[in-house]
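Written out below as structure tokens is the structure these notes cover.
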Amino acid sequence: MGLKEMKDAYVTKMDAQLSEWGAKLKEMKAKAEKAAAQGRIEYQQQLQKVRAQEKHEQARRKLDEIKAASEERWEALKSGFEGAWNELKKSVDSTKIP
């Protein structure tokens, strides 16, 4: 085998290897993008849970205020509690559990 043939065989071999690695890199990139998208979804779900937890704590504080309030004052606190309750309900209803 002459130098030209050896060179051509080497170039063909390396070209095939580069093509194979290119395909693997594309596959890895697609998997990484999918994982990143899944990560964003999970991050958004975690944020929803945190917001729901914050609203839960807010509703708990409002309820504690009502519990501690006098009979005359609790009626005024009730509307604030109901607002916090409704916000909590929306958050809980919209939070998706994976």
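By convention here, the first residue in the shown sequence is residue 1.
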Salt bridge (charged side-chain N to carboxylate O under 4.0 Å, His left out) test vs Glu27 passes for just one of Lys29, Lys24, Lys31, namely Lys31
Does any non-hydrogen side-chain atom of Glu20 lie less than 4.5 Å from one of Gln17? yes
Check against side-chain contact (heavy atoms from CB on, under 4.5 Å), Glu57 and Arg61: CA-CA 6 Å; Glu57 290 167 5; Arg61 285 191 300 273; 3.8 Å; yes
Glu54 and Gln58: side-chain donor and acceptor closer than 3.5 Å? no
